[in-house]
Amino acid sequence: MIPRPESSGSHPEQPAEQQPVEQRPAEPPKAARKKKPAAVEAAGAIPEKGATKKGSGKKAVVKKGTSKKGTSKKGKAKKAEAVRVRASGAHPVAGQLTPPEAELAVSPALGPADRERLLDGTHHDPHAVLGAHPVPGGVVFRAFKPYALAVTVVSGGLTVELHDDGGGFFSALLPLREAPAYRLLVAYEGTVREVEDAYRLLPTLGELDLHLIGEGRHEELWTALGAHPMTHQGVAGTRFAVWAPNARGVRVAGGFNFWDGAGYPMRSLGSSGVWELFVPGVGEGELYKFEITRPDGSKTLRADPMARRTEVPPATSSVVTSSRYSWGDAEWLARRAEVPAHEAPFSVYEVHLPSWRPGLTYRQLADQLPAYVKDLGFTHVELMPVAEHPFGGSWGYQVTGFYAPTARLGTPDDFRYLVDALHRAGIGVLMDWVPAHFPRDEWALAEFDGRPLYEHADPLRAAHPDWGTLEFDFGRREVRNFLVANAVYWCEEFHIDGLRVDAVASMLYLDYSREPGQWTPNERGGRENLDAVAFLQEMNATVYRRVPGVVTVAEESTAWDGVTRATHHEGPSGFGGLGFGLKWNMGWMHDSLEYMSHEPVHRRYHHHEMTFSMVYAYSENYVLPISHDEVVHGKRSLVSKMPGDWWQQRAGLRAYLGFMWAHPGKQLLFMGQEFAQGAEWSEQHGPDWWLLDPAYGAEADHRGVRDLVRDLNTVYRHTPALWRLDTEPAGFRWVAGDLAEDNVLAFLRYDRDGTPLLAVSHFAPVVRHDYLIGVPDDVPAWHEVLNTDAARYGGGDVGGPDPVKPEPQGRHGFPASIRLTLPPLATVWLRPA
């Protein structure tokens, strides 16, 4: 007798079936054979896939309580009987039976070490020991089916029941020359199912995918990792793949296996850190997670970081999905790259989708939002984060599902339908994107495989001091790849036209919101996060290269040099540009709102707050943002920031909007502010649409502000002077920036051909008659094209509708001047008549 050694599993090139084991008789005595379950004995013909055979006239149910797994002793496998099947009476099958006299020298049963690792969920290569493998003397078949009563191999006319080795393990050695194509009949209590064997199939990921993942350069990472329904080697099912380099083992658990992943261990694909398993019979709509065995042996059940669909929160499972959406926006995509965003009209309506019209789905929003935005004349919408997030009160800024649109409003294809509808209405779609941090939920990314993986290993670098979240490790190539591919994913898979990148400043500085001693300088001795700089540069370069016409926008609140400079152009700080297309002008927002909050009598002392922005206006390509952040948490709504009575508040708001739309830079306005909502925004109920109900007594006041926003956008889009040279000094000239005593600001905007627009803002609640404003002498007459004090907007209708001719007397450094009547708290735009 030759003792059978235990397999340590440490040498996958020498699987257990190739080791010498004790000799066994070709056929066991009949008395030693286990009786075949009645359902199998009566099988006659092979049942269809997924078919269930009934026993005792009762409905078949898989009962976990009868598991043999729980009754077997760990690592004590029964000695399997070598099985010889004669060809007589059987149909020919692939891999002809060996001659009867062939000696069988291998026992098919797994050794204790492999059994233990499979039971513990720590086997790195289950395909090497499960499935069908040629060995000396034939082909060994092994299956690991916890809770099964019997397992039978079916191949053509060959039907052989495997020996029950205990603990859910089954095996047999068949005298075949090569492994045939086969299926398994698995008998549970009261039912038999015919299934494909996942462990007879080759890996679904190729060497190129693994190489790119290892290099951190897989720009279509979502096509390699995650869950993908597909047909593999002629078998329909779903490929599961996850990056978990620190895991001792990974298994797939889901509704298809009653959330017990024991029988679904994944294989590790070399040094890539990727684990993969193709599961036959699993299709779209199935729920799943990954059961990960940590380095310390404990287990954790995790949602898929690459899940492209999720359950509706608070449920947290990932969902197998694929897209069948047929786009109708080809015309939009074909022309969106014709003009760069900074040289085109660009006014943005910011929307929090779950609360814009509470209760509406993506498809229902598609019936209302495009029409509303188009009517108001905005060129784009900006959607607050739509990526899946567990807590609605975060507004989407604490993401757990970076590749999945929130399931609160529908499916991923439903979201595609909304984007498509906006495009067909001529409206671009920007999306807030949050690569700075992620929440600590134990089922998501935090210490995903038992150790810091997506977050930085240094606790001082990992913990975000402001939000209780974790910061990404931008220096790790796989993490950087995860985020760069995610940016590309939204643009390519959902036709997003731009990404507004949240919290860029928190990424750029190692000492962001940290006290001395709470951060470590970089290799240059500075406070810049060099890894984050490299990540942002790579993200922008990749997106602009792959998706022409897309724009990236930085929410960056500091004076970082070169946010919108090309990545290959080094600035005075020694860094290349970050490569963004546009940047939020947080300084303009803060200063201008501070000015407007003062009583008019005090504004003379704060005049510089309205002019300082022009000192740095051309240092970056700017957006002027009045976002959700400015109308929550006690900051009051936009109209409520204005001092005075209700009339003055509305007038001040209208004057401010007129100033904003004329100022160099693009515009962004948060929902509800377009009709002067008085209350702060709340994600619980959204804008106060009832203010626009004709039955409401003050409806005209709110409708007037909305009508102004519509006209601002209309005139803006048809006046190239207001946007063509937004980023060039030649597009702007002060007329009078020093009229602090009068609370007056006047400037000219120019088109590339020199055509001007004159904007005059008056922030005092009095009428100023015969007010002289300097102008060029080559314009024969000026015509008022917009007056925020017009009666239809709710104003006093002070102004001059007739053309105004220049007078020869110079003013404000210009050779001529015009005489205007300035309405109280109003902005007036004039163009050459």
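Hydrogens, waters and symmetry mates are skipped; everything else that's a heavy atom, side chains included, is used.
- In terms of heavy atoms, W723 sits closest to R749 at N-NH2, 4.3 Å.
- Side-chain N/O atoms of N743 and H762 include no donor and acceptor closer than 3.5 Å.
- Minimum interatomic distance between V399 and P439 (heavy atoms only, all atoms of both residues): O-CD, 3.1 Å.
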Start with the C-alpha gap between R546 and E220, add the side-chain angles, then the distance that decides, and say whether salt bridge (charged side-chain N to carboxylate O under 4.0 Å, His left out) holds. CA-CA 11 Å; R546 288 187 62 113; E220 297 179 359; 2.8 Å; yes
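- Partners of H380 under the ring pair (Phe, Tyr, Trp, His ring centres under 6.0 Å) rule, at least two apart in sequence or in another chain, are F346.
- Sparse packing is recorded around CD of E331, with 12 or fewer heavy atoms of other residues, nucleotides or ligands lying under 6.0 Å away.
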Hey, mind stepping through W829 and L757 against side-chain contact (heavy atoms from CB on, under 4.5 Å) and telling me if it holds? CA-CA 7 Å; W829 293 356; L757 177 135; 4.2 Å; yes
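- Checking side-chain atoms of T755 against main-chain N and O of D751 turns up no donor-acceptor pair under 3.5 Å.
- A cation-pi geometry, defined here as NZ or CZ lying under 6.0 Å from the six-membered ring centre and within 45° of its normal, does not hold between R480 and F474.
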Y454 and W243: ring pair (Phe, Tyr, Trp, His ring centres under 6.0 Å), yes or no, with the steps? CA-CA 11 Å; Y454 289 91; W243 178 60; 5.7 Å; yes
Does the pair V543 and V488 meet the rule for a side-chain contact (heavy atoms from CB on, under 4.5 Å), with working shown? CA-CA 6 Å; V543 167; V488 174; 4.3 Å; yes
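- Checked by atom type and distance alone, the side chain of H718 pairs as donor or acceptor with a backbone atom of T714 at under 3.5 Å.
- Salt bridge R752/E728: present, at least one basic N to carboxylate O contact under 4.0 Å.
- A salt bridge does not link R308 to E388: none of the charged side-chain nitrogens sits closer than 4.0 Å to a carboxylate oxygen.
- At least one donor-acceptor pair under 3.5 Å links the side chain of K666 to the backbone N or O of H342.
- A ring-centre distance under 6.0 Å is found for H633 and W395.
- Note: F472 and F535 fail the aromatic proximity criterion, with ring centroids not under 6.0 Å apart.
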For H602 and Y595: C-alpha separation, side-chain torsions, deciding distance, then whether ring pair (Phe, Tyr, Trp, His ring centres under 6.0 Å) applies. CA-CA 9 Å; H602 300 304; Y595 174 88; over 10 Å; no
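- In this structure, P465 and E471 approach most closely via the heavy-atom pair CD-OE2, 4.1 Å.
- A cation-pi arrangement is not found for R733 relative to Y750, the charged atom failing to lie both closer than 6.0 Å to the ring centre and inside a 45° cone about the ring normal.
- Residues R500 and D502 are paired through a salt bridge, judged by an N-O separation under 4.0 Å between the basic side chain and the carboxylate.
- In terms of heavy atoms, N540 sits closest to L578 at ND2-O, 2.8 Å.
- Under a cutoff of 6.0 Å and an axis angle of 45°, R476 and F482 do not form a cation-pi pair.
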Taking distance alone, no hydrogens or angles, what donor-acceptor pairs closer than 3.5 Å link side-chain atoms of residues 655-665 to residues at least two apart or in another chain?
| from | atom 1 | to | atom 2 | distance (Å) |
| --- | --- | --- | --- | --- |
| Y656 | OH | S592 | OG | 2.7 |
| W661 | NE1 | N713 | OD1 | 3.0 |
| H663 | NE2 | S613 | OG | 2.8 |

Would D629 and K635 count as a salt bridge (charged side-chain N to carboxylate O under 4.0 Å, His left out) if you check the C-alpha gap in whole Å, the side-chain angles of each, and the deciding distance to 0.1 Å? CA-CA 8 Å; D629 277 331; K635 294 181 182 179; 5.7 Å; no
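- At most 12 non-hydrogen atoms from other residues, nucleotides or ligands lie less than 6.0 angstrom from NE2 of H590.
- The aromatic rings of Y489 and Y403 lie tilted to each other, with the angle between the two planes from 30° to 60°.
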Audit row: V351, M384, side-chain contact (heavy atoms from CB on, under 4.5 Å) steps and yes/no: CA-CA 6 Å; V351 179; M384 290 168 67; over 6 Å; no
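- In Y605, the OH atom is not crowded: 12 or fewer heavy atoms of neighbouring residues, nucleotides or ligands sit closer than 6.0 Å.
- R545 has a carboxylate O that lies under 4.0 Å from a charged side-chain N of E219, or vice versa, which qualifies the two as a salt bridge.
- Atoms CD1 and CG, from I626 and L638 in turn, are 6.0 Å apart once rounded to the nearest 0.5 Å.
- For the pair D531 and R461, the salt-bridge criterion is met [side-chain N within less than 4.0 Å of a carboxylate O].
- In plain terms, the two heavy atoms of E556 and A505 that are nearest each other are OE2-CB, 3.7 Å.
- The side chain to side chain contact (heavy atoms under 4.5 Å, CB included) with T223 is formed by just one residue from the set E493, M306, H218; it is H218.
- For W560 and F575, the ring centers sit closer than 6.0 Å to each other.
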Kindly determine whether D441 and T400 satisfy side-chain hydrogen bond (donor to acceptor under 3.5 Å, both in side chains), including the steps that lead there. CA-CA 8 Å; D441 299 75; T400 49; over 6 Å; no
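- Using a 4.0 Å cut-off between charged side-chain N and carboxylate O, D742 and R604 make no salt bridge.
- The number of heavy-atom neighbours closer than 6.0 Å to CZ of F612, taken from other residues, nucleotides and ligands shown, is 12 or below.
- Within the 4.5 Å cutoff, no side-chain heavy atoms of E455 are placed close to those of D473.
- For the residue pair N529/Y512, the side-chain donor-acceptor check at 3.5 Å is not satisfied.
- In this structure, W734 has its ring center no closer than 6.0 Å to that of H812.
- A salt bridge is absent between E680 and R636: the closest approach of a Lys/Arg side-chain nitrogen to an acidic carboxylate oxygen does not fall below 4.0 angstrom.
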Evaluation steps, side-chain hydrogen bond (donor to acceptor under 3.5 Å, both in side chains), between D497 and W332: CA-CA 10 Å; D497 302 294; W332 169 269; 3.0 Å; yes
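- To the nearest 0.5 Å, atom OG of residue S271 and atom CD1 of residue I213 are 11.0 Å apart.
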E350 and S627: CA distance, side-chain angles, deciding distance, side-chain hydrogen bond (donor to acceptor under 3.5 Å, both in side chains) verdict: CA-CA 7 Å; E350 187 187 20; S627 73; 4.5 Å; no
Before giving the answer on ring pair (Phe, Tyr, Trp, His ring centres under 6.0 Å), spell out for Y622 and Y618 the whole-Å C-alpha distance, their side-chain angles and the decisive distance to 0.1 Å. CA-CA 8 Å; Y622 282 117; Y618 302 105; 9.0 Å; no
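- Counted by atom type alone, D591 and H608 present zero donor-acceptor pairs between their side chains at under 3.5 Å.
- Among L445, L470, T469, the single residue meeting the side chain to side chain contact (heavy atoms under 4.5 Å, CB included) criterion with R440 is L470.
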Go through the steps for Y509 and T558 under the test side-chain contact (heavy atoms from CB on, under 4.5 Å), then give the verdict. CA-CA 10 Å; Y509 297 97; T558 74; 2.9 Å; yes
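- Under 3.5 Å, the side chains of R831 and T719 contain a donor-acceptor pair of N or O atoms.
- A donor and an acceptor atom, one from each side chain of W433 and N486, are located under 3.5 Å apart.
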